[in-house]
Amino acid sequence: MKNILMVLSSHSEMENTDSKTGVWLGEFTDPYYEFIDAGYTITLTSPKGGRPPVDPMSELTENITGSNRRFRDDEQAKADFSQTTVLDQIKHTAFDAVFYPGGHGPIWDLATNNNSGILIHDFLDAGKPVAAVCHGPAALISAEQQRPGFLKGKVLSAFSNTEETLVGRSHNVPYLLQTKLEELGAKVETALVPFLPHVETDGLLITGQNPLSAGPAAKALIELLESRTLKNTSDPVD
């Protein structure tokens with residue numbers, strides 16, 4: 001049975017506005033149930049522990065997904081979401097992969113969290129996949145800070161500058177994620193049409209562009225894990 005770590009933001013404040021942010025609920029629930037339905041075990045963590053803030057916009061009727069409704073009726077999942085483990089207590093050795101959901105929160109806390117940056121390198125150094133979606137790839141900025149040059153030449157996807165402008169939050173964030181990743185040397189690929197799903201896989205890194213990419217990014221992670229399992233089981237025994 002595969003064990004997946006999901007790292008959630010603890011940050012809720014935005015700049016130049018009273019609006020709140022945090023985890024975009026569907027970017028958590030869509031991957032969560034992809035993993036659950038694949039038979040995986042999930043552990044939830046966040047920098048501060050406890051219940052992460054949820055972006056209120058992600059709970060509006062027009063943004064509710066089937067997995068959101070499933071989560072609303074899932075008492076165990078809601079309990080686990082309310083009791084995330086503090087991030088600095090997490091070791092990569094207990095997990096097969098890590099997934100970073102978005103919401104704007106990560107561009108503040110996970111982008112600067114040393115424990116998260118170190119954890120990403122621990123996973124990759126151990127040959128374990130790292131996946132992130134929408135603003136979740138901001139966590140890779142901390143990994144870059146731990147090892148300068150880490151992002152140079154990496155092919156990624158993330159919430160685009162165009163999408164940030166269209167949702168009206170480009171003036172409420174400290175930087176545009178696409179621009180920041182490109183400044184650090186990454187090549188950011190996005191869908192031709194904003195808000196359509198888009199996923200990039202570069203070795204052990206899987207990144208998705210936006211909320212509709214959360215489920216597909218999780219599926220890509222599952223496919224990568226299962227293909228590696230099949231390869232290992234088919235290798236000849238000495």
Side-chain angles (χ1 to χ4, degrees), residues 4-11 21-32 34-35 42-47 52 55 58 84 87 90 92 95-113 115-124 128-147 150-151 154-160 163-164 173 175-178 180-182 184-191 197-225:
I4 307 295
L5 178 68
M6 297 187 76
V7 183
L8 303 165
S9 174
S10 295
H11 187 90
T21 186
V23 177
W24 191 267
L25 190 59
E27 292 175 28
F28 160 66
T29 58
D30 285 4
Y32 180 87
E34 290 290 347
F35 299 141
I42 301 170
T43 296
L44 305 180
T45 185
S46 62
D55 190 314
S58 71
T84 67
L87 182 58
I90 295 294
H92 78 93
F95 306 98
D96 297 286
V98 60
F99 191 101
Y100 285 81
H104 283 79
I107 64 176
W108 280 275
D109 61 353
L110 295 176
T112 59
N113 187 286
N115 291 317
S116 176
I118 292 169
L119 189 68
I120 287 171
H121 286 299
D122 286 343
F123 271 90
L124 295 174
K128 299 176 181 180
V130 172
V133 68
C134 201
H135 292 86
L140 299 174
I141 296 170
S142 179
E144 168 70 22
Q145 292 169 346
Q146 300 297 323
R147 295 185 191 175
F150 162 66
L151 286 176
K154 292 286 193 302
V155 180
L156 308 174
S157 195
F159 203 62
S160 70
E163 289 169 326
E164 200 72 82
V173 293
Y175 55 86
L176 296 174
L177 180 56
Q178 178 181 352
K180 174 66 76 172
L181 293 171
E182 290 172 341
L184 294 173
K187 182 179 181 181
V188 179
E189 299 284 357
T190 60
H198 185 84
V199 175
E200 290 289 337
T201 299
D202 186 341
L204 293 172
L205 273 178
I206 297 170
T207 46
Q209 180 177 338
N210 46 35
L212 286 182
S213 306
K219 290 178 180 177
L221 178 57
I222 291 169
E223 289 173 4
L224 180 58
L225 288 171

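Quick caveat, the model's predicted, so the values are computed rather than measured.
- Scored by the side chain to side chain donor-acceptor pair (under 3.5 Å) test, T84 finds S46 as partners (sequence neighbours excluded).
- Note: T201 OG1 to L156 CG = 10.5 Å, rounded to the nearest 0.5 Å.
- Contacts of Q209 classified as side chain to side chain donor-acceptor pair (under 3.5 Å), with partners at least two apart in sequence or in another chain: E163.
- Put simply, the side chain of F99 does not reach to within 4.5 Å of the side chain of I206, judged on heavy atoms.
- A 4.5 Å side-chain heavy-atom check between S9 and P52 finds every atom pair outside the cut-off.
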Verify side-chain contact (heavy atoms from CB on, under 4.5 Å) between D122 and I118, making sure each step is shown before the conclusion.
CA-CA 6 Å; D122 286 343; I118 292 169; 3.7 Å; yes

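- The OG1 atom of T21 lies 7.5 Å from the CD1 atom of I107; values are rounded to the nearest 0.5 Å.
- Taking 4.5 Å as the limit, some side-chain heavy atom of V173 sits within range of a side-chain heavy atom of W108.
- Minimum interatomic distance between A138 and P106 (heavy atoms only, all atoms of both residues): CB-O, 3.7 Å.
- Using modelled atom types, one side-chain atom of D109 and one backbone atom of S10 make a donor-acceptor pair closer than 3.5 Å.
- In terms of modelled atom types and a separation under 3.5 Å, the side chain of Y32 and the main chain of I42 share no donor-acceptor contact.
- Scored by the ring-ring contact (aromatic ring centres under 6.0 Å, His included) test, F150 finds H121 as partners (sequence neighbours excluded).
- Taken to the nearest 0.5 Å, the CG atom of D96 stands 6.0 Å off from the CD1 atom of I4.
- Side chain of S213 to backbone of G208: no donor-acceptor contact under 3.5 angstrom is found.
- Summarising the geometry of A111 relative to Y175, their closest heavy-atom pair is CB-OH, 3.4 Å, with the distance given to 0.1 Å.
- Legend: residues meeting side chain to side chain donor-acceptor pair (under 3.5 Å) with Y100, ordered by chain and number and at least two apart, are S116.
- The side-chain heavy atoms of L110 and S142, taken from C-beta on, include no pair separated by under 4.5 Å.
- N113 and N115 get closest at one heavy-atom pair: OD1-N, 3.0 Å.
- Rounding to the nearest 0.5 Å places CD of E182 at 10.0 Å from CG of L176.
- L140 CG to Q145 CD: the interatomic distance, rounded to the nearest 0.5 Å, is 11.5 Å.
- Judged by distance alone, the side chain of K128 and the main-chain N or O of F95 form a donor-acceptor pair under 3.5 Å.
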Pair F123-L204, side-chain contact (heavy atoms from CB on, under 4.5 Å): steps then yes or no
CA-CA 9 Å; F123 271 90; L204 293 172; over 6 Å; no

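- Atom-to-atom distance recorded for W24:CH2 and N210:CG is 11.0 Å, nearest 0.5 angstrom.
- For the pair E200 (side chain) and V155 (backbone), a donor-acceptor distance under 3.5 Å is absent.
- The shortest side-chain heavy-atom distance between L225 and P129 falls under the 4.5 Å cut-off.
- Between L181 and I141, the closest side-chain pair of non-hydrogen atoms falls below 4.5 Å.
- Among residues two or more places apart in sequence or in another chain, the side chain to side chain donor-acceptor pair (under 3.5 Å) test is passed with E164 by H104, H135.
- Residues satisfying the salt bridge (charged side-chain N to carboxylate O under 4.0 Å, His left out) criterion with D30, sequence neighbours excluded, are absent altogether.
- Judged by distance alone, with hydrogens and angles left aside, the side-chain atoms of S157 form a donor-acceptor pair with the main-chain N or O of E189 at under 3.5 Å.
- A donor-acceptor distance shorter than 3.5 angstrom exists from the side chain of E27 to the backbone of G103, with no hydrogens or angles considered.
- Two residues are said to be in side-chain contact when any heavy atoms from C-beta on lie closer than 4.5 Å; L87 and L119 meet this criterion.
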